[in-house]
Amino acid sequence: MATCTFFGHSECYDLDAEILKNAIEQLICQGTDTFYVGNQGQFDRAVYHCLKILRSQYQHIHIFVVLAYLPTQGQECGDMEDTMYPEIEGHPKFAIERRNKWMIKQSDLCLCYVNHTWGGAYKFVCIAKRRGLAVINLGAIELV
């Protein structure tokens, strides 16, 4: 079985939710059963929403919302049953970066939504590619 992580821009207004859901479903049908997703932006929320819908049909899949920070009281971070906080150390300023690198290390492939070559999503997709993960981009640019 394979493991997938996700990276995408925090704002992705032109993302087609049905295309995202179909891409994730295709990964499930090809043997991917574990999914790591963050909780920082619009892409993460869209991915988590699709995964929850698909879990009703594919009950064998495992979904983990990987937190960079422990939630404070009243902070929303998804269904608590799906959340995890990996053991990462260091200054809180770099928590998202360390969390993202942790997710890459755990994964075989990366499904992303990248439309430009700046920002965190592009940076971590490049790291995933350098580490040998298969990368599928639903965004507008071709990744090299």
Side-chain angles (χ1 to χ4, degrees), residues 1-17 19-21 23-28 30-56 58-144:
M1 294 306 201
T3 301
C4 178
T5 192
F6 301 88
F7 295 112
H9 302 304
S10 60
E11 294 181 359
C12 50
Y13 300 111
D14 55 345
L15 174 66
D16 185 317
I19 290 173
L20 175 61
K21 182 177 161 279
I24 296 170
E25 186 170 25
Q26 184 175 6
L27 292 175
I28 294 168
Q30 293 170 352
T32 303
D33 67 344
T34 303
F35 299 91
Y36 292 110
V37 61
N39 67 325
Q40 286 353 98
Q42 191 177 26
F43 181 70
D44 291 342
R45 286 189 296 277
V47 166
Y48 182 61
H49 177 75
C50 289
L51 286 167
K52 282 177 42 175
I53 290 170
L54 289 166
R55 184 168 48 194
S56 65
Y58 301 98
Q59 294 155 5
H60 68 284
I61 67 171
H62 306 283
I63 303 167
F64 297 99
V65 177
V66 185
L67 305 177
Y69 308 99
L70 288 174
T72 58
Q73 187 174 4
Q75 185 180 20
E76 205 175 302
C77 60
D79 294 340
M80 289 305 291
E81 68 194 49
D82 293 334
T83 61
M84 69 174 297
Y85 183 69
E87 291 188 34
I88 50 177
E89 296 181 9
H91 193 279
K93 179 179 179 180
F94 303 106
I96 293 172
E97 182 171 326
R98 287 190 316 275
R99 186 267 321 265
N100 289 352
K101 287 180 179 178
W102 182 92
M103 292 192 314
I104 290 169
K105 282 183 181 180
Q106 312 308 312
S107 299
D108 304 300
L109 59 106
C110 174
L111 181 63
C112 64
Y113 182 78
V114 177
N115 282 329
H116 48 75
T117 59
W118 65 88
Y122 181 76
K123 173 184 175 178
F124 290 104
V125 166
C126 289
I127 292 170
K129 284 185 72 104
R130 281 195 305 269
R131 296 227 174 134
L133 273 67
V135 176
I136 302 162
N137 185 21
L138 300 179
I141 68 168
E142 184 176 331
L143 301 170
V144 288

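Between G38 and V65, the shortest heavy-atom contact is O-CG1, 4.0 Å. Of all the heavy atoms in C4 and L111, the pair that sits closest is SG-N, 3.9 Å. Considering all non-hydrogen atoms of both residues, C50 and I24 come closest at CB-CD1, 3.9 Å. Minimum heavy-atom separation, L67 to Y85: O-CD1, 3.4 Å. Closest approach of T117 and Y122 over heavy atoms only: O-CD2, 3.4 Å. Of all heavy-atom pairs spanning A46 and L15, the tightest one is CB-CD2, 4.1 Å.
Note on ring orientation: taking the six-membered ring where Trp is involved, the planes of H9 and Y113 are perpendicular (angle over 60°, cut-offs 30° and 60°).
With sequence neighbours left out, Y58 forms a side-chain hydrogen bond (donor to acceptor under 3.5 Å, both in side chains) with E25. By the side-chain hydrogen bond (donor to acceptor under 3.5 Å, both in side chains) test, R99 pairs with Q40, sequence neighbours left out. With sequence neighbours excluded, the residues that form a salt bridge (Lys or Arg N to Asp or Glu O under 4.0 Å) with K101 are E97. Remark: Y36 engages no residue in a side-chain hydrogen bond (donor to acceptor under 3.5 Å, both in side chains) (not counting sequence neighbours). Applying the side-chain contact (heavy atoms from CB on, under 4.5 Å) test to Q26 and every residue at least two apart in sequence or in another chain returns Q30.
Contact annotation: the side chain of F35 never approaches that of T3 to less than 4.5 Å [non-hydrogen atoms, C-beta and beyond]. Considering only heavy atoms from C-beta on, C112 stays 4.5 Å or farther from I136 through its side chain.
Formation of a donor-acceptor pair under 3.5 Å by the D33 side chain with backbone atoms of I61 is not found in this model. Of the possible donor and acceptor atoms, none in the side chain of D82 sits under 3.5 Å from a partner among the backbone N and O of F64. The backbone N or O of I28 sits nowhere less than 3.5 Å from a side-chain atom of T32 that would complete a donor-acceptor pair.
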### Task
In sequence, state the C-alpha distance, the side-chain angles, and the governing distance for D16 and K21, and then conclude on salt bridge (Lys or Arg N to Asp or Glu O under 4.0 Å).
CA-CA 9 Å; D16 185 317; K21 182 177 161 279; over 6 Å; no
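Within the structure, salt bridge (charged side-chain N to carboxylate O under 4.0 Å, His left out) contacts touching residues 130-144 (residues at least two apart or in different chains) do not occur.
At most 12 non-hydrogen atoms from other residues, nucleotides or ligands lie less than 6.0 angstrom from NE2 of H49.
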